[in-house]
Undergrad: 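I have a structure I would like to understand better, so I am pasting it below and will then ask my questions one at a time.
Note that the numbering runs from 1 along the sequence shown for the chain.
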Amino acid sequence: MCYYMLFSRVGAVIIQVSDMKKSLKFYKETLGLPLKTQSEDWTEFFNSGTVVVLHRANNKEQVNSGKGLLLGFTVYDFETVVKNLKENKVTFLKEPTEESFGKHTVIKDPDDHLISIAQIKRKPTEDEFD
């Protein structure tokens with residue numbers, strides 16, 4: 001049986017958080033993610049495609065055990081996003097840099113989960129060479 005055929009896409013990225021209010025404020029207000037649903041234990045962002053979920057952890061150890069998680073976002077206006085993050089005193093693990101694929105930075109959320117933010121260089125189309 002081909003198991004890879006059973007999975008069509010990533011449906012959700014679930015982030016365990018220690019403080020729902022603090023994390024909700026960060027993801028909704030600081031990052032500007034569109035809120036889909038909200039409760040004390042479960043908050044979803046984005047109305048279509050892959051959703052980002054904040055799930056309240058039962059204890060701090062659950063949150064700290066997930067240090068390998070890296071949530072990645074692509075953006076259209078990298079400079080404006082970085083400016084907003086700095087104004088909101090967000091911690092940068094990797095300062096904004098120009099990479100071969102585009103512009104990139106890594107920040108931390110209130111529970112020290114890593115968030116990658118990139119503006120990917122657009123590949124030129126054949127029409128642009130005519």
Undergrad: Measure from the side-chain N and O atoms of His55 to the backbone N and O of Val17, and report whether any donor-acceptor pair falls under 3.5 Å.
TA: no

Undergrad: Test of understanding: with side chain to side chain donor-acceptor pair (under 3.5 Å), list the residues that count as partners of Thr97, not counting sequence neighbours.
TA: Glu99

Undergrad: Mind listing the side-chain donor-acceptor pairs of residues 27-35 below 3.5 Å, one per line with the distance, residues two or more places apart or on another chain?
TA:
residue: Tyr27; atom: OH; partner: Asp109; partner atom: OD2; Å: 2.7

Undergrad: Determine which pairs satisfy side-chain hydrogen bond (donor to acceptor under 3.5 Å, both in side chains) with at least one residue from residues 69-78, sequence neighbours left out, and list them in order.
TA: Asp77-Thr80

Undergrad: Should we say atom CD of Glu40 is surrounded by more than 12 heavy atoms from elsewhere, each under 6.0 Å from it?
TA: no

Undergrad: Does Ser116 have any side chain to side chain donor-acceptor pair (under 3.5 Å) partners at least two apart in sequence or in another chain, and if so, which?
TA: His104

Undergrad: Working to the nearest 0.5 angstrom, can you tell me the gap between Asp19 CG and Leu54 CG?
TA: 11.0 Å

Undergrad: As a test of understanding, state which of Leu24, Val51, Val53 forms a side-chain contact (heavy atoms from CB on, under 4.5 Å) with Phe45.
TA: Leu24

Undergrad: Just wondering, more than 12 heavy atoms not from Lys83 lying within 6.0 Å of its NZ?
TA: no

Undergrad: Checking one residue: Phe101. Which other hydrophobic residues are in its cluster under the side-chain 4.5 Å linking rule?
TA: Ile120

Undergrad: Grab the two heavy atoms, one from Ser39 and one from Met20, that are nearest each other, plus how far apart they are.
TA: O-CG, 4.2 Å

Undergrad: Within a radius of less than 6.0 Å around NZ of Lys86, do more than 12 heavy atoms belonging to other residues, nucleotides or ligands occur?
TA: yes

Undergrad: OG1 of Thr43 to CD of Gln38: how many Å apart, nearest 0.5 Å?
TA: 5.0 Å

Undergrad: Please tell me if the side chains of Val81 and Phe73 come closer than 4.5 Å, counting only heavy atoms from C-beta onward.
TA: no

Undergrad: Check whether any side-chain heavy atom of Lys108 lies under 4.5 Å from a side-chain heavy atom of Leu114, and answer yes or no.
TA: yes

Undergrad: Measure across Gly102 and Lys121 and return the closest heavy-atom pair with its distance rounded to 0.1 Å.
TA: CA-CG, 3.7 Å

Undergrad: Going by heavy atoms in the side chains, are Leu85 and Ile117 under 4.5 Å from each other?
TA: yes

Undergrad: Restricting to side chain to side chain donor-acceptor pair (under 3.5 Å), what partner residues turn up for Glu79, sequence neighbours left out?
TA: Lys103

Undergrad: Looking at Thr105 and Lys94, would you say the former's side chain and the latter's main chain have a donor-acceptor pair under 3.5 Å?
TA: yes

